[in-house]
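One structure is given below, encoded as structure tokens.
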Protein chains: 2
Amino acid sequence: LCVGTELLSGQINTHQGYLSTALAGAGLPLTREASLPDHRQEISGTVRDALKRSDAVLLCGGLGPTFDDITREAVADALGRGLRYRPALYTRIKRKFSRFRLPVPEENKRQAFVIDGAEVLHNSAGSAPGQLIVLRAGRGRTQLIALMPGPYAEMSPMFQNQVLPRLKSAYAKDRETAHLCVRLSGVPESVADEKLAFLTDRPEPGRSFTILSSGGQVDFHTVVTAATKAKARAELKRVRSLIYGAVGDSVFGEGAQTLEAAVGAVLLQRRLTLAVAESCTGGMLGQRLTATAGSSAYFLGGVIAYSNTLKRRLLDVPAATLSQSGAVSAACARQMAQGARRRCGADIGLAVTGIAGPGGGSKAKPVGLVFLALADKSGSRALRLRLSGAREVVRSRAVGAALNWLLRRLGKG
Amino acid sequence: LCVGTELLSGQINTHQGYLSTALAGAGLPLTREASLPDHRQEISGTVRDALKRSDAVLLCGGLGPTFDDITREAVADALGRGLRYRPALYTRIKRKFSRFRLPVPEENKRQAFVIDGAEVLHNSAGSAPGQLIVLRAGRGRTQLIALMPGPYAEMSPMFQNQVLPRLKSAYAKDRETAHLCVRLSGVPESVADEKLAFLTDRPEPGRSFTILSSGGQVDFHTVVTAATKAKARAELKRVRSLIYGAVGDSVFGEGAQTLEAAVGAVLLQRRLTLAVAESCTGGMLGQRLTATAGSSAYFLGGVIAYSNTLKRRLLDVPAATLSQSGAVSAACARQMAQGARRRCGADIGLAVTGIAGPGGGSKAKPVGLVFLALADKSGSRALRLRLSGAREVVRSRAVGAALNWLLRRLGKG
């Protein structure tokens, strides 16, 4: 539960990503997240609901000294417990301020109130102490409630060092997990999904799957849970071979490997260099290729030929091509790729030209029409695409398609 | 309600920031956000709870074609309504696929099921249609439920064009708001925040403020609420002049105007053309400049000179500069800018060279060292930057700084 009216008026919630990743890695699935305003009844009601559903409830925010910080009070309400002032805690808070030669605002006394029965969690990076409450819920079941400060720099070390170990020992003692992300390109999400349905439709116990798609790329996540690390790994290996059996043709990498890094790895291995010629993408293809550290080993650079003049001047596209076929044509794309290859002295030239929109389209050449071309020592070839979406979507899909095409062609070469 | 197990296993929730800002701008406060797993009962239960508390419930995600997309079913459950297959809707979905010469997976049929009594919302950027349900809750009270797709590029236009107008007319009729986003560049968020504290610290009734920062740019949002549109506008005008009094020097635009669009507007007005020369940014500067539709009127293109060979071959940087000063130097940046200007036949050449990291740094030339250069008919000048952050952060800050510098120089020219 993230507490703070600012989270509901435009501030980005960074805690959710951090906590969910850290919890998943420990085999402790996050089952729900909510952002709440600084409102005592809302918070206490939500804590009560959450305790009905979940083993543990983590709260971030609302532990500050000001009037609108009321997480302490709200959680005490939810549990029907009191709050007690702890003079020793206030002394510690005052000591922090004096270290920075700051006067202690009277308001900070509020931070020294602790819920009855709660343990105090040390805050290594700020003044607000955290609190941890253990509830014995009967039949040997334990519930944990953690109150952590809102600022990321204060919350994350408190979570990592003081809260996560307690969660693990309470709930993940007999459970180990293994995680795999298989990345696909050149295949629509729904097609990948259909091919993997035999795994996902009625998943076996201990296996869970998520399929995600963005920028023309599909990620298939598997989490396996087992009694020991070795068993989890062995089971993941079995699942992995099933995944490759179904969609192996479209896999370009695993884990955090990007499509551009996969392209780079093949170029590096085959000792080939690449240059680009970009029209409608205006540099986006180069940007993606150079997002990988170390890309200078295979990527030389290229030409952003946004204007037709530059297609002629910097890429030697003949004026006749531009006047007869137009800048958005297979012929122009091929000459751009050849021009990039020759001018840059690269083994491979990769070109993109198209109509990203919203304007500039016609019946014969509508918005979303994009030509890719590849040139190498054996010649050049072009690929025609019809992409949908707004300007930036068309551009990023064109770049994704170009990288995917290059990767597949390199695989065949 | 953001639906998707991925939001609970590490993916960043970008919808919350977008929707809360847009809603605040319309005088419609967001009172709660929750992220839910792809779990039918969890979603339907949460929708039921939310309808007890709120006028309107917005759902994002879970409208895709795959097994784990179950928002449609869950909302139907919550309302005790059925789902009906709409053949005409499926025909429309199939038409989208056929345009791209793709076979339609059988699974996409799921997207043609509509909750009884729901209105279909058109998806301009993808295959999943949205749905809108109006509930008559008695005593003239109306409740709205909107089902929108998960991908940001599909959700945001659907929200802006089809959902927000309905929310406004249902709940914000007797309240008029005026919204202003003032965009700043070249100033850190904390400095802007301090300068604007006189407004934000104890805001007067009817005024609310949010400050957001990304990519070296700060957005300061003001929402003014009043009884009439005229009063809201007059009050906003007063606030606007206070903002300009405090940070006017750093303002580059208002509303949705981007930094690159602001640069473009000045270039267009002064009938100047621009070419770029990029090393460490690998095309990102060109990509940003061409993100603005119509940029071909002032942006010609340029050279991605990622390798030193291309700095010589395509930009005429003398070998002596590279061997004596190195590729990351003021001298090299200036020659790159001049080369881009001359080779592309542009009025202005803008160059970036630097060390984006994580490798490649040294004591004399650390990671984050970036040189910008501008060349025009009167000569060339360079600017040295020391940027912090990971590789992509350094690169995007370099691009932001380049655009900002160009804009300030053009203002002086």
Side-chain angles (χ1 to χ4, degrees), chain A residues 8-13 16-17 20-21 24 30-37 188-191 193-194 197 200-201 210-212 276 278 281-287 289-291 293-294 296 299-307 309-310 314 343-345 358-359 386 388-393, chain B residues 5-13 16-17 20-21 24 30-37 64-67 99-100 102 105 107-108 125 153 210 212 221 276 278 282-287 289-291 293-294 296 299-307 309-310 314 343-345 358-359 391-392:
Chain A
L8 299 166
S9 51
Q11 188 158 303
I12 298 294
N13 183 343
Q16 184 175 349
S20 59
T21 305
L30 180 64
T31 54
R32 184 174 296 205
E33 177 276 346
S35 298
L36 304 173
E189 185 187 11
S190 52
V191 174
D193 188 65
E194 211 172 78
T200 57
D201 257 4
T210 313
I211 191 161
L212 284 174
V276 296
E278 304 192 52
T281 47
M284 194 188 268
L285 179 57
Q287 181 228 319
L289 283 160
T290 56
S296 58
F299 180 66
L300 304 180
V303 171
I304 304 170
Y306 206 57
S307 73
T309 310
L310 289 198
L314 299 184
R343 289 281 193 123
C344 301
R386 272 288 272 119
S388 64
R391 182 176 177 84
E392 282 307 279
V393 176
Chain B
T5 302
E6 69 278 13
L7 293 166
L8 299 164
S9 50
Q11 189 159 301
I12 298 293
N13 184 345
Q16 185 175 350
S20 60
T21 305
L30 180 65
T31 54
R32 185 176 293 207
E33 176 276 346
S35 297
L36 304 173
T66 68
F67 72 97
R99 247 205 287 157
F100 309 114
L102 287 168
E107 291 191 309
N108 278 72
T210 313
L212 286 173
H221 294 265
V276 297
E278 304 192 51
M284 194 187 267
L285 179 57
Q287 182 229 317
L289 283 160
T290 55
S296 58
F299 180 66
L300 304 181
V303 170
I304 304 169
Y306 206 58
S307 73
T309 309
L310 289 198
L314 299 184
R343 289 281 193 122
C344 300
R391 181 177 178 84
E392 282 307 280

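Hydrogens, waters and symmetry mates play no part in the numbers below; they use all other heavy atoms, side chains included.
Proximity to chain B is limited to the side chain of A:V393, based on heavy atoms less than 4.5 angstrom apart. Only the backbone of A:A305 comes within contact range of chain B, judged by heavy atoms closer than 4.5 Å. Interface remark: B:T31 contributes backbone atoms only to the contact with chain A (heavy atom separation under 4.5 Å). Heavy atoms closer than 4.5 Å to chain B are found in the side chain of A:E392, but not in its backbone. Contact annotation for A:L314: only side-chain heavy atoms (C-beta onward) come within less than 4.5 Å of a heavy atom of chain B.
Distance CG/B:L8 to CD/A:Q16: 6.5 Å, rounded to 0.5 Å. One finds the CG atom of B:L36 at 9.0 Å from the CD atom of A:E33 (value rounded to the nearest 0.5 Å). Annotation: the span from A:L310 atom CG to B:R343 atom CZ amounts to 11.5 Å, rounded to 0.5 Å.
The residue among A:M284, A:E278, A:R32 with the most heavy atom pairs within less than 4.5 Å of chain B is A:R32. In terms of heavy-atom pairs under 4.5 angstrom with chain A, the leader among B:P358, B:G345, B:A293, B:G64 is B:A293. Put simply, of B:L30, B:T66, B:L300, the one with the most heavy-atom pairs under 4.5 Å next to chain A is B:L300. Among A:G294, A:S296, A:A197, A:G302, the residue with the largest count of heavy-atom pairs under 4.5 Å with chain B is A:G302.
Shortest non-hydrogen contact noted between B:T290 and A:T281 is OG1-O, 4.1 Å. The minimum heavy-atom distance between A:Y306 and B:F299, with the atom names listed, is CD2-O, 3.6 Å.
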